[in-house]
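Worksheet for the structure shown next.
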Amino acid sequence: MNTLQELTRIVQAAAQADQTEDQVKLIVEAIHRAIAVDVCSLYIAATDGAMVLVASHGLDQQAVGYSRLPAGRGLVGRVAQTRHPINVAEAASHPDFCYLAETREDEFISFCGVPVVRAGAVIGVLVVQSREGRLMSADEQAFLVTLSTQLALVLPPEPLAVHAPANAVRRVRGVKGAPGTGIGNAWLCENVDLYAVPDRPCEDPAAAISEWHQLLAKVSDDVENERRQLGEQLSEGVSAVFKAYQMLLNDPGLRLGVEQAIAGGQWLPGALRQVVHHYAEVFLAMEDPYLRARNEDLHHLGNKLYQSWAGASGNAPADDHGPLVLVGAKVSVSDIAACDPLRLAAIVCYEGSSLSHTAVLANALGVPAVMGTGKLKGIDDGSPLIVDGNTGQVILYPSPSIRLEFERLQRAEQALKGELASLRDEPATTTDGERVRLMANTGLLADISPGLANGAEGIGLYRTEMPFMISETFPSEEEQLNIYRQVLDAYRGRPVYMRILDIGGDKPLPYFPIHEENPALGWRGIRFCLDNSSLLMTQVRAMLRAAEGGADLHILLPMISNSGEIAAFGGVLNDALQQLRDEGVDVHRPKVGIMVEVPAAISLLPAWANRLDFISIGSNDLSQYLLALDRNNPRVAGAYDHIHPAVLQEIARITTHAHAGGLPLSLCGEMAADPAAVVFLLGIGIRTLSMSASKLPRIKWLLRSISARDAADLAQQALTLDNSADIRALLEGALHQRGLGRLLGSE
């Protein structure tokens with residue numbers, strides 16, 4: 001047996017099965033063939049710890065879905081309890097043996113069971129049995145252990161659903177695409193799939209090529225109409241998505257590729273399928289997550305072109321269908337544009353990621369979205385769903401009690417928003433008079449108005465890479481000048497902290513891919529900018545020119561880890577100032593500070609006190625680097641928590657250095673919007689926080705409801721604790737005691 005080939009074949013087949021029932025049956029049948037055993041069975045853990053037989057080759061099929069062992073009972077229960085394989089030649093002689101009469105297993109003598117473990121918990125047990133009393137060989141046992149480890153990754157979150165009624169309540173996990181909670185009825189999208197188009201000969205290639213050109217022009221017009229239909233007010237956030245579609249439609253590779261395939265004898269839909277599939281596979285094979293996600297755009301666009309060619313318009317949901325949850329493998333921009341915005345409750349995509357253009361658009365529209373759920377089995381148009389974009393889960397066929405609870409949460413959220421709106425122009429001052437400055441994070445012009453509407457006192461982090469990421473090339477000085485001037489003008493009289501280009505890692509440029517084995521520790525941030533000093537000079541010149549006339553510009557340097565990087569940037573800034581003054585531009589030296597996100601920077605802060613005007617803690621990257629955890633990796637993200645004792649100790653140390661050196665200090669990132677973390681940050685003396693505009697009112701309410709003195713006491717208690725759970729319990733408990741539990745979504 002070629003072990004690697006067998007493992008790969010079984011795991012791939014299981015992952016591709018459409019139905020859970022087919023999946024578990026396929027697993028036991030394939031293992032039965034691979035190692036020539038009489039019985040192969042899969043048991044899955046129920047919520048009470050019992051092990052339920054969900055599939056078997058060899059045991060009585062009447063027992064499947066019915067036979068169960070209480071927690072810890074039998075050899076299966078023992079395997080689950082010890083998380084260790086059991087391999088015995090005579091199962092009945094083992095002290096933990098428990099005979100299940102309904103399975104009719106008495107003719108099978110040997111037993112070998114291995115645990116199936118996911119995220120540290122035993123979710124099942126894989127068992128093989130034989131009529132002859134023999135031990136499984138070391139190779140066979142190793143095969144089963146390796147296979148069970150891989151199967152744990154492809155089994156659905158709730159494999160027991162295979163034996164549940166079709167309309168039973170189910171929870172499906174996915175990826176958070178856009179925040180919020182949506183309640184509505186499913187509307188299945190994209191019934192037309194270009195990839196299903198067959199090959200056919202083309203009878204008139206010249207006419208087909210002409211038809212292809214007309215189709216490109218028509219769909220280009222359709223895309224522009226959809227952009228207008230979704231609303232001009234969404235500007236950058238939405239126009240970037242539509243710009244990408246127009247770029248693809250105008251791409252010579254797409255146009256010429258289809259022409260050549262038609263000239264080679266393929267009919268137009270077949271030619272379109274060949275070319276779209278080829279380029280989508282090229283993107284899918286790329287290591288870069290942003291570029292890999294672009295394969296979805298090509299598939300969307302291919303479906304749109306084919307649908308337009310076929311004259312299919314799709315069935316519009318009836319008016320009495322109620323609130324809509326758009327559901328599909330890849331819900332497209334066209335699907336969203338065709339839906340009444342007043343009825344659009346949420347979006348669910350079987351495929352895709354938080355980088356998908358569907359997720360970008362959902363965020364811009366304020367529509368909850370969950371991506372990458374895998375196919376939702378057992379639903380039709382009209383099936384009731386709850387989409388929780390805050391946690392990345394979808395609830396199918398929610399019970400009345402579950403629905404009532406989510407409706408209550410929605411009402412509470414709306415009521416809280418109404419209460420907080422009155423605080424917009426009020427200062428964030430604690431009950432004992434300590435003033436905290438709250439600012440907004442942004443990277444798109446579309447985010448400018450929400451920040452101002454929610455009372456932002458400035459921009460604490462302007463991510464300049466966003467204009468670079470939605471452009472086809474590095475933007476020119478004039479293009480950057482236009483964008484930066486709009487930002488500074490909107491916040492005239494308030495500080496704006498502009499971070500220089502921070503690409504690499506999780507922020508690649510589509511036209512400048514960087515392939516590295518470990519991008520988080522690679523060519524990114526200040527390292528990239530200093531190595532590409534002409535790009536940096538262009539950006540700095542644009543910032544200085546945009547600030548002409550007295551705008552309060554601050555320049556932030558990302559990923560600083562040594563003194564040479566600060567000095568090198570100072571040289572570029574001096575050159576830019578001199579150049580512009582020589583050109584007659586009235587420019588002034590802005591304040592320059594660093595993002596403290598590389599742990600090495602912390603110890604060097606005392607030495608840098610006279611070289612910097614301020615410092616800003618980048619809590620996301622700092623936490624990630626301190627914990628050596630990628631918070632976007634689903635296998636380890638559960639262990640990530642910025643309220644980790646080591647993170648809190650280091651932030652307290654940064655605060656001490658900043659105060660000793662007379663450096664103004666701010667903190668941005670998810671931590672700034674976490675109510676429990678904010679209590680700690682207030683308590684150690686941080687007085688400037690920057691966060692997403694939507695989070696500003698909640699944090700302002702919190703700060704106006706607590707005293708800095710109480711926060712200081714809580715912070716000191718937190719610094720004595722050594723695990724995240726205890727720290728969070730302490731800080732969140734204090735919020736509950738002060739009637740602020742609604743900030744945590746628990747009251």
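All values below come from the heavy atoms of this structure, side chains included, with hydrogens, waters and symmetry mates left out.
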query: Does P201 have any side-chain contact (heavy atoms from CB on, under 4.5 Å) partners at least two apart in sequence or in another chain, and if so, which?
result: none
query: Does any non-hydrogen side-chain atom of Q393 lie less than 4.5 Å from one of V370?
result: no
query: Taking only residues two or more places apart in sequence, or in another chain, which ones meet W212 in a ring pair (Phe, Tyr, Trp, His ring centres under 6.0 Å)?
result: none
- prompt: Which atoms form the tightest heavy-atom contact between L59 and S41, and what is the distance?
  reply: CD1-OG, 3.4 Å
- prompt: Side chains of V116 and Y43: does their closest heavy-atom pair fall under 4.5 Å?
  reply: no
query: Side chains of I402 and R171: closer than 4.5 Å at any heavy-atom pair?
result: yes
- line: Contacts of S220 meeting side chain to side chain donor-acceptor pair (under 3.5 Å) (sequence neighbours excluded), chain-then-number -> Q246
message: Quick check for you: to the nearest 0.5 Å, what is the distance between L324 atom CG and L344 atom CG?
response: 7.0 Å
- prompt: When you measure from the side chain of R273 to the backbone N and O of V197, does any donor-acceptor pair fall under 3.5 Å?
  reply: yes
task: Measure the spacing between CG of L404 and CZ of R411 and express it to the nearest 0.5 Å.
output: 7.5 Å
- prompt: Taking atom CD of E211 and atom CH2 of W309, what is their separation to the nearest 0.5 Å?
  reply: 7.0 Å
- line: Taken in chain and number order and not counting sequence neighbours, the residues that satisfy salt bridge (charged side-chain N to carboxylate O under 4.0 Å, His left out) with E29 are none
- line: In terms of heavy-atom contacts, V367 and A346 come closest through CG1-CA, 3.6 Å
message: Donor-acceptor check, side chain of W267 to backbone of P198, threshold 3.5 angstrom: yes or no?
response: yes
task: Apply the side chain to side chain contact (heavy atoms under 4.5 Å, CB included) test between V327 and each candidate in V348, I347, V387, T373; give the one that qualifies.
output: V348
- line: When rounded to the nearest 0.5 Å, the distance separating OG of S148 from CG of L42 is 10.5 Å
- prompt: Listed by chain and number, what are the side chain to side chain donor-acceptor pair (under 3.5 Å) partners of Q62, not counting sequence neighbours?
  reply: none
query: Partners of D204 by salt bridge (charged side-chain N to carboxylate O under 4.0 Å, His left out), sequence neighbours excluded?
result: none
query: So, does D381 use its side chain to make a donor-acceptor pair with the main chain of L188 at under 3.5 Å?
result: yes
message: Just to verify, what does H278 make a side chain to side chain donor-acceptor pair (under 3.5 Å) with, not counting sequence neighbours?
response: none
- request: Check L696 against A440 and note the closest heavy-atom contact, atom names and distance.
  value: CD1-CB, 4.3 Å
message: Can you tell me how far apart CD1 (I44) and CE (M51) are? Round to the nearest 0.5 Å.
response: 6.5 Å
field: Heavy-atom donor-acceptor pair, S308 side chain to L305 backbone, under 3.5 Å
entry: no
- request: List the atom of M691, the atom of A673, and the distance in Å for their closest heavy-atom pair.
  value: CB-CB, 4.1 Å
field: Heavy-atom side-chain proximity of T181 to P368 below 4.5 angstrom
entry: no
field: Min side-chain heavy-atom separation V276-Y306 under 4.5 Å
entry: no
field: Side-chain heavy-atom pair L396, S383 within 4.5 angstrom cut-off
entry: no
Qualifying residues under side chain to side chain donor-acceptor pair (under 3.5 Å), relative to Q266, sequence neighbours excluded: D199
- prompt: In chain order, what residues pass the side-chain contact (heavy atoms from CB on, under 4.5 Å) check against P205, with sequence neighbours excluded?
  reply: C202, I262
field: Contacts of R255 that satisfy salt bridge (charged side-chain N to carboxylate O under 4.0 Å, His left out) - sequence neighbours left out
entry: E259
statement: By side-chain contact (heavy atoms from CB on, under 4.5 Å), S210 pairs with (sequence neighbours left out) Q214
- request: For residues 387-403, pull every pair meeting salt bridge (Lys or Arg N to Asp or Glu O under 4.0 Å), keeping only residues two or more places apart or in separate chains.
  value: R403-E407
Point-to-point distance, once rounded to the nearest 0.5 Å, from NZ of K695 to CZ of R698: 8.5 Å
task: Considering non-hydrogen atoms only, spot the tightest contact between P697 and N454 and give its length.
output: CG-OD1, 3.6 Å
query: Checking side-chain contact (heavy atoms from CB on, under 4.5 Å) for the pair C349/V331: CA distance, chi angles, key distance, verdict?
result: CA-CA 6 Å; C349 291; V331 175; 3.8 Å; yes
- line: Scanning both residues in full, the closest heavy-atom pair of A50 with R68 reads CB-NH2, 3.2 Å
